[in-house]
Amino acid sequence: MPSSTIPINHINSLFYLCSAKLSKYKMISFSSFKFTLLLPLMVGCLMAASASNFNNDFDITWGDGRGKIVNNGEVLTLSLDKSSGSGFQSKNEYLFGKIDLQLKLVPGNSAGTVTAYYLSSKRSTWDEIDFEFLGNLSGDPYILHTNVFSQGKGNREQQFYLWFDPTADFHTYSILWNPQSIIFSVDGTPIREFKNMESIGVPFPKNQPMRIYSSLWNADDWATRGGLVKTDWTLAPFAASYRNFNADACVWSNGASSCKSTATSTNSAWFSQEMDSAKQQRLQWVQKNYMIYNYCNDANRFPQGLPPECSMS
């Protein structure tokens with residue numbers, strides 16, 4: 001389906017989405033608009049709602065054809081075989097934003113494989129915000145590995161099991177990054193928050209624009225049970241799929257941010273967004289039931305004392 005075509009069965013849901021956005025102006029009740037007056041606004045809103053296209057937003061950067069954009073730009077796939085994996089990166093750089101991407105991971109015996117999805121500045125003292133999905137034997141759960149690097153320093157790993165099979169369908173993995181915090185979410189449920197704690201000397205990613213990267217690669221020297229379980233190449237090629245990318249974000253271009261004049265407007269509510277009590281409860285539920293590793297609980301790893309941010313969590 002060409003990206004410029006909107007199926008008729010999508011119109012109703014998009015109509016209500018647009019009407020909700022338009023009603024924010026509160027200049028006149030939505031029902032009293034003439035359709036002819038609404039049409040330009042509706043068209044603009046529908047274009048925004050259907051604008052996601054991997055051809056426009058990403059470049060496949062390695063893999064010798066193992067990465068593909070299909071379905072008229074609606075889906076991107078990566079594959080891995082014994083010769084090579086594959087990967088892609090965003091055309092834009094971002095300095096703060098809310099990034100959503102749906103993934104469907106390698107099914108079956110995915111031991112030894114890693115599907116990485118992250119933001120990174122790729123400098124010598126880089127900033128980075130990581131999702132990594134560590135494959136496992138059939139029947140064993142994936143491990144979702146998260147990390148935050150600031151000024152080249154990481155070692156802030158938290159790991160989780162998921163409460164669903166991430167290979168059976170697409171699920172939304174989100175990064176909210178604003179000056180106050182970084183929030184990792186899965187299908188809208190927060191799983192981790194890394195707050196800005198510069199006040200106690202903890203560097204926070206806030207000055208380096210970052211691109212979005214993703215890759216599917218072989219890491220059987222460490223990914224599954226510390227490298228004890230190797231990739232079964234008789235099952236290759238392994239494949240992961242992506243769809244429904246959305247970036248409500250500040251694009252960095254030519255040394256300037258697209259949000260310079262709008263960062264505090266109602267159109268960028270994410271810029272000052274914090275978790276409400278319901279989100280806090282969901283975060284606590286995930287961390288109580290599904291977190292399997294937290295660097296802040298690993299005293300043996302830090303014999304000189306836990307990192308300072310751990311005292312604030």
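It should be emphasised that the depicted structure is a prediction, and the values quoted were computed from it without experimental measurement.
- A donor-acceptor pair under 3.5 Å is formed between the side chain of N196 and the backbone N or O of P179.
- Cluster annotation: V70 and L105 are assigned to distinct hydrophobic clusters (Ile/Leu/Val/Met/Phe/Trp/Tyr, side-chain heavy-atom contacts under 4.5 Å, transitive).
- Ring centroids of F245 and F58 are separated by less than 6.0 Å, placing the two rings close together.
- Side-chain contact between Q280 and E193 is present, with at least one heavy-atom pair separated by less than 4.5 Å.
- Residues satisfying the side chain to side chain donor-acceptor pair (under 3.5 Å) test with K153, not counting sequence neighbours, are none.
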May I have the step-by-step check of side chain to side chain contact (heavy atoms under 4.5 Å, CB included) for I69 and I60, ending in yes or no?
-> CA-CA 8 Å; I69 297 174; I60 294 174; 4.0 Å; yes
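- Residues L137 and L228 fall into different hydrophobic clusters, defined by Ile, Leu, Val, Met, Phe, Trp and Tyr side chains chained together at heavy-atom separations under 4.5 Å.
- Using a 4.5 Å heavy-atom threshold, the side chains of F271 and Q180 count as separate.
- Checked by atom type and distance alone, the side chain of S120 never pairs as donor or acceptor with a backbone atom of E128 at under 3.5 Å.
- Atom-to-atom distance recorded for L119:CG and I99:CD1 is 6.0 Å, nearest 0.5 angstrom.
- Checked against salt bridge (Lys or Arg N to Asp or Glu O under 4.0 Å), R211 has no partners two or more places apart in sequence or in another chain.
- Shortest non-hydrogen contact noted between S79 and S86 is O-OG, 2.9 Å.
- Listed here is the closest heavy atom pair of S185 and P190: OG-CA, 3.5 Å.
- When atom types are taken as modelled, the side chain of Q102 and the backbone of S241 share no donor-acceptor pair closer than 3.5 angstrom.
- Residues L134 and Q159 have side chains in contact (heavy-atom distance under 4.5 Å, counting atoms from C-beta outward).
- Note: the hydrophobic cluster containing V75 does not contain L103 (ILVMFWY, side chain heavy atoms under 4.5 Å, direct or indirect links).
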Residues F131, Y117; criterion ring-ring contact (aromatic ring centres under 6.0 Å, His included); working and verdict | CA-CA 5 Å; F131 278 115; Y117 153 47; 5.5 Å; yes
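- Screening E198, R156, Q208 for a side-chain hydrogen bond (donor to acceptor under 3.5 Å, both in side chains) with S150, the sole residue that qualifies is R156.
- For the residue pair N71 and R243, no side-chain donor N or O sits within less than 3.5 Å of a side-chain acceptor on the partner.
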Hey, mind stepping through V148 and E309 against side chain to side chain contact (heavy atoms under 4.5 Å, CB included) and telling me if it holds?
-> CA-CA 12 Å; V148 176; E309 65 268 22; over 6 Å; no
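- The CG atom of N55 sits 8.5 Å away from atom CG of N72, with the distance rounded to the nearest 0.5 Å.
- Judged by distance alone, the side chains of S174 and D100 do bring a donor and an acceptor atom under 3.5 Å apart.
- By the rule that hydrophobic residues join a cluster once side-chain heavy atoms approach within less than 4.5 Å of another member, F238 and F170 end up as members of separate clusters.
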Kindly determine whether V186 and F164 satisfy side chain to side chain contact (heavy atoms under 4.5 Å, CB included), including the steps that lead there.
-> CA-CA 11 Å; V186 178; F164 54 83; 3.6 Å; yes
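- Ring planes of Y118 and Y213: parallel class, angle under 30° (limits at 30 and 60°).
- How far OG1 of T113 is from CG of L216: 6.0 Å, rounded to the nearest 0.5 Å.
- Shortest non-hydrogen contact noted between I200 and P308 is CD1-O, 3.7 Å.
- Of the possible donor and acceptor atoms, none in the side chain of K230 sits under 3.5 Å from a partner among the backbone N and O of A111.
- Of the possible donor and acceptor atoms, one in the side chain of T146 sits under 3.5 Å from a partner among the backbone N and O of Q158.
- Formation of a donor-acceptor pair under 3.5 Å by the W177 side chain with backbone atoms of I129 is not found in this model.
- In this structure, the side chain of D127 does not engage the main chain of S121 through any donor-acceptor pair within 3.5 Å.
- In this structure, D298 CG and N300 CG are separated by 6.0 Å, a value rounded to the nearest 0.5 Å.
- Contact annotation: the side chain of F204 never approaches that of S199 to less than 4.5 Å [non-hydrogen atoms, C-beta and beyond].
- By the rule that hydrophobic residues join a cluster once side-chain heavy atoms approach within less than 4.5 Å of another member, F149 and V114 end up as members of separate clusters.
- Using bins of under 30°, 30° to 60° and over 60° for the plane-to-plane angle, the ring pair F88/F54 lands in the perpendicular bin.
- Scanning all heavy atoms of the two residues, the minimum distance from S90 to N92 falls at OG-O, 2.7 Å.
- In this structure, Y173 and P166 have side chains that are in contact, with non-hydrogen atoms separated by less than 4.5 Å.
- Judged by distance alone, with hydrogens and angles left aside, the side-chain atoms of N218 form no donor-acceptor pair with the main-chain N or O of K82 at under 3.5 Å.
- Closest heavy-atom contact between A116 and S214: O-OG, 2.7 Å.
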Check the pair N147, Y295 against side-chain hydrogen bond (donor to acceptor under 3.5 Å, both in side chains), reporting the backbone distance first and the verdict last.
-> CA-CA 10 Å; N147 204 352; Y295 74 107; over 6 Å; no
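- Within 6.0 Å of the CD atom in E274, the count of heavy atoms belonging to other residues, nucleotides or ligands does not exceed 12.
- Within a 6.0 Å radius of CG in D64, other residues, nucleotides and ligands contribute 12 heavy atoms or fewer.
- F184 CZ to F194 CZ: the interatomic distance, rounded to the nearest 0.5 Å, is 9.0 Å.
- The shortest distance between side-chain heavy atoms of I175 and M210 does not fall below 4.5 Å.
- When atom types are taken as modelled, the side chain of S84 and the backbone of G63 share no donor-acceptor pair closer than 3.5 angstrom.
- Atom OH in Y161 sits 4.5 Å away from atom CD1 in I292 (nearest 0.5 Å).
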From CA spacing to verdict: side chain to side chain contact (heavy atoms under 4.5 Å, CB included), Q284, K288 = CA-CA 6 Å; Q284 292 168 10; K288 178 182 177 181; 6.0 Å; no
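- D187 places no side-chain N or O within donor-acceptor distance of the main-chain N or O of H171, the cut-off being under 3.5 Å.
- Between R301 and E157 a salt bridge is recorded (basic side-chain N to carboxylate O distance below 4.0 Å).
- Closest approach of K91 and N56 over heavy atoms only: CD-O, 3.0 Å.
- One side chain, D232 or T234, offers a donor N or O that lies under 3.5 Å from an acceptor on the other.
- Under the 30°/60° scheme for interplanar angles, the aromatic rings of W285 and W163 are found to stand perpendicular.
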